[in-house]
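Below, read A as the first sequence line, B as the second, and so on, with proteins coming before strands; counting in each chain starts at 1.
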Protein chains: 2
Amino acid sequence: MQPIYRALDRAVFRAASTMKSVRQITMAKRVSHRDSMCGVARPLDAIGDWWSLLIVRDAFDGLRRFGEFQKSLGLAKNILSARLRNLLAHGIMETVPAADGSPYQEYVLTEKGRGLFPLLVALRQWGEDFFFEPDEAHVLLVDRKNGLPVRRLELRAQDGRVVGAEDTMVRLPQASAGKGIA
Amino acid sequence: MQPIYRALDRAVFRAASTMKSVRQITMAKRVSHRDSMCGVARPLDAIGDWWSLLIVRDAFDGLRRFGEFQKSLGLAKNILSARLRNLLAHGIMETVPAADGSPYQEYVLTEKGRGLFPLLVALRQWGEDFFFEPDEAHVLLVDRKNGLPVRRLELRAQDGRVVGAEDTMVRLPQASAGKGIA
DNA sequence: CACGATGGTTTCAAATTAAAACTATTCGAG
DNA sequence: CTCGAATAGTTTTAATTTGAAACCATCGTG
């Protein structure tokens, strides 16, 4: 997933031990690649990996501290450290000085990070559809106001029709057209 | 992301050279883990990684053949092979004997795979919001019927209100409750 | 029947990940 | 003031995964 890295000067690469450093260094060289990346690949690249998405989910659940994330996810501290650094570098999370009186920083979602909510809901709904036995209990996303489950995500056209993949196509930037959802 | 693997008998693990084999072998042992996996982690585990999601996107775009995916994504053939195998194993894609007369099989999305459409749309819309300069051209997902861009995905409560992360919470299976979207 | 196209698998070096050990800071108790 | 526990990381090192290239197999064609 990171052909960019290979293109880097090895010496520079090795000098950069952390994910953050690598990303920062590659940023300049990456631009040309980014330009060629489609609207799906670019966000994926920013998120980083599955762990990051689970961190974001935990953040939506109100977790804020390094230790909370680590306990919740059960991942190695160095990995968590790298992932948080990446999320910070991409502006998906940010650190805030403190909340209670503790001397540590906390990690909270930025607006960009909160923008991932529909993605997580889509993931969850897909999971509910296909990864649980019909009788299997699972957590439910409910309306905080009345406790009722939320509806399914629906994609609607301008005229209000609910549309699926087969009803849509992609239009390339310069008046040319393609099909599908690329 | 795969603490399951570590728990495996190393000999068995090494005997399984391909992603598919590993997954099949782990499946039995994995069950207990799966049960503890939340509705977000479980789907993530099934998809596998970013490449897989890009393969699915390409499949929505109409690509069906090994070579087409490889050319489109530019990934190594062994990796593509492993990812396709994984997608097949998880029932996200399936092989069909042929379409034109060619003697090769084709890879197409199953219903489960097509269920990923909202996820990809969410990813794309997030990308549009935060990864493109305001003036930067990007592909647009449009209604096939009239060429107009589709609306944004919206999560609605039973009463029709559009709700965000802050308006929702998760309800755990057994009448207990938590907050957030876990 | 040689040959190119397609669809993979194997091999092996390089990169990444994970676990554990280690460091550093703060806070509270004695 | 000092010891020790808690928090938040970093470093080290081995195991695992990845990716590029080479290799292999099958089909259709000239």
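- For the pair B:Leu75 CG and C:dG8 P, the interatomic distance rounds to 13 Å; values are reported in whole Å.
- Both the sub-6.0 Å distance and the 45° axial angle are satisfied by A:Arg42 relative to the ring of B:Phe132.
- Using a 4.0 Å heavy-atom criterion, one finds that B:Tyr107 contacts the sugar-phosphate atoms exclusively.
- Between A:Ser102 and B:Glu68, the residue anchored nearer the 5' end of DNA chain C, judged by the nucleotide with its closest heavy atom, is B:Glu68.
- Looking at the side chain of B:Asn78, the nearest of the listed nucleotides D:dA21, C:dC27, D:dT26 is D:dA21.
- At the phosphate of D:dG19, OP1 or OP2 sits under 4.0 Å from a side-chain N or O atom of B:Trp51.
- A donor-acceptor pair under 3.5 Å is formed between the side chain of A:Asn86 and the backbone N or O of A:Ala46.
- When the side-chain nitrogen and oxygen atoms of A:Ser81 are compared with OP1 and OP2 of D:dT10, one or more of them lie within a distance under 4.0 Å.
- B:Leu80 has its CG atom 16 Å from the P atom of D:dA21, to the nearest Å.
- Summarising the geometry, the separation between NZ on A:Lys71 and P on D:dT7 is reported as 8 Å, rounded to the nearest angstrom.
- When heavy atoms are screened at a 4.0 angstrom cut-off, B:Gln105 is found touching the sugar-phosphate backbone but no base atom.
- Following rounding to the nearest Å, B:Phe66 (CZ) and C:dT6 (C1') show an atom-to-atom distance of 10 Å.
- Counted within 6.0 Å of CD on B:Gln158, heavy atoms from surrounding residues, nucleotides or ligands total more than 12; the atom is thus considered enclosed.
- Phosphate proximity of C:dT6 to B:Arg65: absent, as no side-chain N or O sits under 4.0 Å from OP1 or OP2.
- For A:Tyr104, counting side-chain heavy atoms from C-beta on, the closest listed nucleotide (C:dT25, C:dA18, C:dG7) is C:dT25.
- Checking D:dT18, C:dC27, C:dG8 against every side-chain atom of B:Asp49, the shortest atom distance belongs to D:dT18.
- The listed nucleotides are D:dT10, C:dT17, D:dC27; the one nearest the side chain of A:Arg85 is D:dT10.
- Using a 4.0 Å cut-off, some side-chain N or O of A:Arg83 falls inside it from OP1 or OP2 of C:dT17.
- Looking at residues two or more places apart in sequence or on another chain, you find no salt bridge (charged side-chain N to carboxylate O under 4.0 Å, His left out) involving B:Glu166.
- As rounded to whole Å, 12 Å separates atom P of D:dG19 from atom CD of B:Gln70.
- Atom NZ in B:Lys77 sits about 16 Å away from atom P in C:dT11, given to the nearest Å.
- One can place CG of B:Leu84 at 14 Å from C1' of C:dT6, the figure rounded to the nearest angstrom.
- In this structure, CG in A:Leu44 is found 9.5 Å from CZ in B:Phe131, a value given to the nearest 0.5 Å.
- Separating the CG atom of B:Leu88 from the C1' atom of C:dG8 is a distance of 13 Å, rounded to the nearest angstrom.
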